[in-house]
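All values below were derived from every heavy atom in this structure, side-chain atoms included, with hydrogens, water molecules and symmetry-related copies excluded. Keep in mind that what you see is a predicted model, and the values were worked out from it rather than measured. Just so you know, ligand 1 is whichever comes first in the structure, and atom 1 is the first atom listed for that ligand.
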Amino acid sequence: MSGGAPVLGILGAGQLGRMLALAAGKLGIATHVYGPPGDTPAAAVSAAFTEAQYTDEKALAAFAAKVSVVTYEFENVPARTAEVLSALKPVRPGPGALAICQDRWIEKRFLQDLGIMTAPFANLEQESGIAPAAAAIGFPAIVKTRRMGYDGKGQRKVGDLRALQAAWHDLGRVPMILEGFVPFRREISVVGARAVDGAVASYDPVENTHENHILRTTIAPAPEADRVRPEAFRMTRHILDALSYVGVMGVEMFETSDGRLLVNEMAPRVHNSGHWTLDACAVSQFEQHVRAVMGWPLGSPERHSDAVMTNLLGEEALGWDARLPPPGTSLHLYGKAGAQPGRKMGHLTALSPRKD
Ligand code: AMP
């Protein structure tokens, strides 16, 4: 620790780390970001930056010596990284939660053990598992790599055995899961937080729409939120408690046409579908995460406004230095260098008076 003042260490230097660092700054907490070389928007707004690989144990030890608590904005850090750091400083959320959320097979089994509904799924560890998995799940189905998938990367919808065999090769012959295709009515998510003392606070469920597997808009609250709120909150709390979780988590769900809620994925970090909280709540998901991991009490997740958040992808984020967003709309730009198509470069949040 530096001079007694609290320092939050953040693994990962992307936009989520940037918004965490800004929220920490608002609370008088300095941040130290750690990440490999590349575009590092979080480093630009942090007091310190260690540019190093996640496997560099010397750099990790030096980083740990300088911070009070370690968190992450990117869940695919190697398990060993979290282990090395947790021997030196509190790592929140803990390495156990990280390990579960990093592997879709382990994640789905964890949910199943809690009695939480998911899409039907089967392990597809190696080539000989293709036919049994297809027989168990049927078609259409979605095949997903167990590890390192995000924004639709590492997954494919398949309609028959031949397509599944092709996908298995194209996705790199790594361990995968096969999931039954859920003809969902809509996708919702809950951003929940759990404090060191076990208190839980969840933001209202929101409705998400995706384009090319990338989040495009979040409507907060989800229309007809009353229908899903009790069950969505119950499942979120159950997951957080079962993991003895500390921090913010994004829980993605499918609402089926017959009114069931299935959990699709848990993100052990602040979540894109919670960005609206920056403008529509007194305490944003980023502040909430900082509060939780620093051992502070949680803030209220109440919203003062309704919101629609739209991601700015690729070149949509360019030219804002010469243009005003529509009235009542808040612009966020992440300061990334390369505006490749589909890359999350910023977002807009349109506010309106709270209706309920
Ligand atoms: P994921 O990477 O698991 O979050 O999946 C990305 C997106 O693919 C989800 O937001 C859904 O739109 C779609 N998807 C994933 N799994 C399924 C499924 N089992 N059934 C239908 N759509 C799915």
* Structure fact -> Paired with Y334, the side-chain hydrogen bond (donor to acceptor under 3.5 Å, both in side chains) test is passed by just one of K344, H347, R18, namely H347
* Does a side-chain N-to-carboxylate-O contact under 4.0 Å join R216 and E316? -> yes
* **Within reach of ligand 1, part of V182 (heavy-atom separation under 4.0 Å)** => both
* Asked: Are any of the heavy atoms in P183 under 4.0 Å away from ligand 1?
  -> no
* Is there a heavy atom of R104 sitting under 4.0 angstrom from any atom of ligand 1? -> yes
* If you count the atoms of ligand 1 from 1 in the order shown, which ones are under 4.0 Å from a heavy atom of E265? -> 1 (P), 2 (O), 3 (O), 4 (O)
* Asked: With a cut-off of 4.0 Å, which atoms of ligand 1 are near a heavy atom of N264?
  -> 1 (P), 3 (O), 4 (O), 5 (O), 16 (N)
* Asked: Going by the order shown, which atoms of ligand 1 are within less than 4.0 Å of some heavy atom of E252?
  -> 4 (O)
* Looking at H210, which atoms of ligand 1 are within less than 4.0 Å of one of its heavy atoms? -> 10 (O)
* Asked: For ligand 1, which atoms sit closer than 4.0 Å to a heavy atom of F184?
  -> 12 (O), 21 (C), 22 (N)
* Is it true that R104 and E179 have a side-chain N and a carboxylate O under 4.0 angstrom from each other? -> no
* Is atom CZ of R323 surrounded by more than 12 heavy atoms (other residues, nucleotides or ligands) closer than 6.0 Å? -> yes
* Asked: What about G180: any of its N or O atoms under 3.5 Å from an N or O on ligand 1?
  -> yes
* Which of the ligand 1 atoms, numbered from 1, are nearer than 4.0 Å to a heavy atom of E187 -> 9 (C), 10 (O), 11 (C), 12 (O)
* Structure fact -> Note: N208, heavy atoms under 4.0 Å from ligand 1, region reported as neither
* To do: Apply side-chain contact (heavy atoms from CB on, under 4.5 Å) to the pair R80 and V84, showing each step before the final yes or no.
  => CA-CA 6 Å; R80 171 84 188 143; V84 168; 3.7 Å; yes
* Short N-O contact, D258 and R260, less than 4.0 angstrom -> yes
* **Between H271 and S189: side-chain donor-acceptor atoms closer than 3.5 Å** => no
* To do: Output the distance between atom CZ (R109) and atom CD1 (I177), rounded to the nearest 0.5 Å.
  => 11.5 Å
